[in-house]
Amino acid sequence: MMYLLYTIISTIAFALMLPLQLFKRKKDVRRRWFRERFTFYPVRKKAPHELSNGVYGNNKSEPYTIWLHAVSVGEVIASIPLIERIKQKYPSFKVLVSTITDTGNSIAVEKAGADKVIYLPVDIPFAIKRTVIKFNPRILILMETEIWPNLVKVASEKSISCILLNGRLSPDSFKSYRKIKPFMAKVLSYIYAFGMQSGDDAKRIIELGAIPKRVSVMGNIKFDQNPSIQVGAIDDMKDMLKGRKIFIAGSTHNGEDEAVINAFLQVYKNNPALLLILAPRHIQRVEKIEFLIKEHGLKYVKRTDMIKSQESEVISQETEVILLDTIGELAGLYSLADVVFVGGSFVDAGGHNVMEPAFFRKPVIFGPSMYNFRDAADILLKNGAAIQVRDHTELAREVGYLLDHPEIASKIGKSAQNVVQRNTGATDIAMRIVQRFLVEPEW
């Protein structure tokens with residue numbers, strides 16, 4: 001009854017939101033998003049060897065056996081080292097990646113190294129079953145907190161091993177889930193292994209009903225990311241930005257851009273060579289941020305305009321702001337920064353990945369809301385490898401201080417890099433969990 005009620009409510013909610021979901025997507029994405037969410041996959045003509053051998057014992061299926069679901073950009077990027085390891089260890093397997101967001105889907109296509117990338121089907125039984133029949137997965141890997149009730153139930157019914165990796169459960173999410181604990185306990189019973197980021201995450205998932213012997217602590221796979229592979233994407237900017245001090249505000253949310261700009265203006269008075277690179281978390285907010293920048297009378301250029309222009313003069317000494325309106329370049333840009341502010345932390349969004357700037361030995365600043373990255377934030381603060389501020393006034397003070405004292409900024413950055421290096425290894429643990437449920441097929 002609980003599952004039936006969930007399915008009815010979620011189907012109605014999805015139907016009501018469908019017009020808005022279609023409207024907000026670009027025309028070139030809209031059709032594929034709709035088709036794949038409702039599992040209208042194109043039919044591929046079988047190769048002769050597939051018809052004769054019966055790929056994975058099902059002539060109607062595409063030969064994908066590992067299904068990894070990552071909701072958006074952060075989860076996709078965090079999955080890349082794991083996907084690489086899986087493909088190295090099991091070269092005869094194919095990897096299917098599903099996402100929810102358009103940006104996550106785009107990054108998965110460009111960088112994940114998957115054999116196929118799709119949008120996650122609607123979480124109703126017939127759609128999940130159609131996807132399972134189409135791709136015939138042997139294992140389903142859910143990244144972080146992407147727990148879809150019908151998805152895991154159908155996977156279990158079809159003898160697909162479902163595991164959760166890099167799992168996290170924030171205090172707020174835990175409170176919400178606890179209100180429906182009997183239902184969540186049933187849902188979690190279909191997941192055969194939980195690799196949680198921290199001991200607190202493990203305790204919360206067990207309290208919700210996960211079977212204790214299935215739960216382990218693996219650390220945060222985001223410590224294992226190598227953002228240096230993204231540096232090549234911004235090679236054209238290195239010469240343009242020479243001689244400038246660079247303040248990057250990454251993954252900002254609505255309500256934070258004003259605070260960042262105000263902090264920048266305060267620091268800029270004493271640092272006329274300072275350049276702000278403002279990177280919104282959601283690209284669709286670019287126009288609103290442009291209006292805000294113009295309102296403050298700042299000279300700016302959009303990253304897409306820089307890419308289109310072949311002239312190096314597109315950035316001049318008078319340029320005060322670069323508005324990053326591209327996907328997948330922020331991590332590489334951190335390598336050029338003098339100071340970094342990580343967004344999602346001045347508003348109730350739980351913060352974003354502080355490990356990327358830390359990897360590049362950069363001093364990291366964030367606000368009070370870091371519950372999605374609590375462990376990472378705490379370990380950085382504990383080691384003097386980050387600075388936490390309450391508002392734009394404190395942000396301006398700390399940015400100005402670090403720019404005026406580069407030796408302090410360097411010390412904090414070095415400590416941050418050391419923290420990253422000491423906490424790698426979650427991918428190894430994740431692979432050990434995966435291997436427990438994966439046996440390479442014999443053709």
Open item on the list: Evaluate F359 against M355 for side-chain contact (heavy atoms from CB on, under 4.5 Å), listing each step before the verdict.
Closed with: CA-CA 6 Å; F359 176 91; M355 292 302 113; over 6 Å; no

Open item on the list: Applying ring-ring contact (aromatic ring centres under 6.0 Å, His included) to Y371 and F174, what does each step give before you reach the verdict?
Closed with: CA-CA 12 Å; Y371 54 80; F174 175 69; over 10 Å; no

- [ ] Look only at the side chain of S369 and the backbone of V347, and say whether a donor-acceptor pair between them is shorter than 3.5 Å.
- [x] yes

Open item on the list: If you count heavy atoms of other groups shown closer than 6.0 angstrom to CZ of R31, is the number above 12?
Closed with: no

Task: Working for ring-ring contact (aromatic ring centres under 6.0 Å, His included), residues F373 and F366 - done: CA-CA 11 Å; F373 292 84; F366 46 78; 9.9 Å; no

Task: Y3 and F183 aromatic centres sub-6.0 Å - done: yes

TODO: Output yes when R303 and D236 qualify as a salt bridge under the 4.0 Å nitrogen-oxygen rule, no when they do not.
DONE: yes

Open item on the list: Any donor-acceptor pair under 3.5 Å linking the side-chain atoms of T304 with those of D325?
Closed with: yes

Task: Donor-acceptor contact present, side-chain S10 to main-chain T7, <3.5 Å - done: yes

Open item on the list: Return the OG1 to CD1 distance between T427 and I80, rounded to the nearest 0.5 Å.
Closed with: 11.5 Å

- [ ] Kindly compute the distance separating CD1 (I139) from CD1 (I163), expressed to the nearest 0.5 Å.
- [x] 4.0 Å

Task: Side-chain (R374) to main-chain (S170) donor-acceptor, under 3.5 angstrom - done: no

TODO: Without swapping roles, check the side chain of Q388 against the backbone of G367 for a donor-acceptor pair under 3.5 Å.
DONE: yes

Task: Residue K111 excluded, over 12 heavy atoms near NZ under 6.0 Å - done: yes

Open item on the list: Can a donor-acceptor pair be found, under 3.5 Å and without considering hydrogens, that links the side chain of R168 to the backbone of M196?
Closed with: no

- [ ] Kindly say whether the aromatic ring centers of F247 and F264 come within a distance under 6.0 Å.
- [x] no

TODO: Could you list the residues that satisfy side-chain hydrogen bond (donor to acceptor under 3.5 Å, both in side chains) with K362, not counting sequence neighbours?
DONE: none

- [ ] Of all the heavy-atom pairs spanning P121 and I128, show the shortest one and how long it is.
- [x] CG-CD1, 3.9 Å

- [ ] Answer yes or no: is there a donor N or O on one side and an acceptor on the other, between the side chain of Y334 and the main chain of I248, under 3.5 Å?
- [x] no

TODO: Tell me, please, which residues at least two apart from Y192 pass ring pair (Phe, Tyr, Trp, His ring centres under 6.0 Å).
DONE: none

- [ ] Measure the shortest side-chain to side-chain distance between R436 and I433 over non-hydrogen atoms and say whether it is less than 4.5 angstrom.
- [x] yes

Task: Q197 side chain vs N166 backbone, donor-acceptor pair below 3.5 Å - done: yes

TODO: List the atom of L82, the atom of L68, and the distance in Å for their closest heavy-atom pair.
DONE: CD2-CD1, 4.2 Å

- [ ] Determine yes or no for a side-chain-to-main-chain donor-acceptor pair under 3.5 angstrom, with D391 supplying the side chain and E394 the backbone.
- [x] yes

Open item on the list: Please check if the number of heavy atoms outside K411 that lie under 6.0 Å from its NZ is greater than 12.
Closed with: no

Task: Side-chain heavy-atom pair Y41, T131 within 4.5 angstrom cut-off - done: yes

Task: Heavy-atom pair of closest approach, residues E36 and I118 - done: OE1-CA, 3.3 Å

TODO: Could you grab the distance from atom CG of D378 to atom CG of N383, nearest 0.5 Å is fine?
DONE: 11.0 Å

- [ ] Under the side chain to side chain donor-acceptor pair (under 3.5 Å) rule, what do Y6 and N150 come out as? Steps first, then yes or no, please.
- [x] CA-CA 9 Å; Y6 162 78; N150 281 316; 5.1 Å; no

TODO: Any chance you could measure L395, atom CG, to I387, atom CD1, to the nearest 0.5 Å?
DONE: 10.0 Å

Open item on the list: Between E157 and K153, does any side-chain N to carboxylate O distance fall below 4.0 Å?
Closed with: yes

Task: E75 backbone acceptor or donor facing S79 side chain under 3.5 Å - done: yes

Task: Sub-4.5 Å side-chain heavy-atom contact between H392 and E256 - done: no

Open item on the list: Donor-acceptor check, side chain of K245 to backbone of V339, threshold 3.5 angstrom: yes or no?
Closed with: no

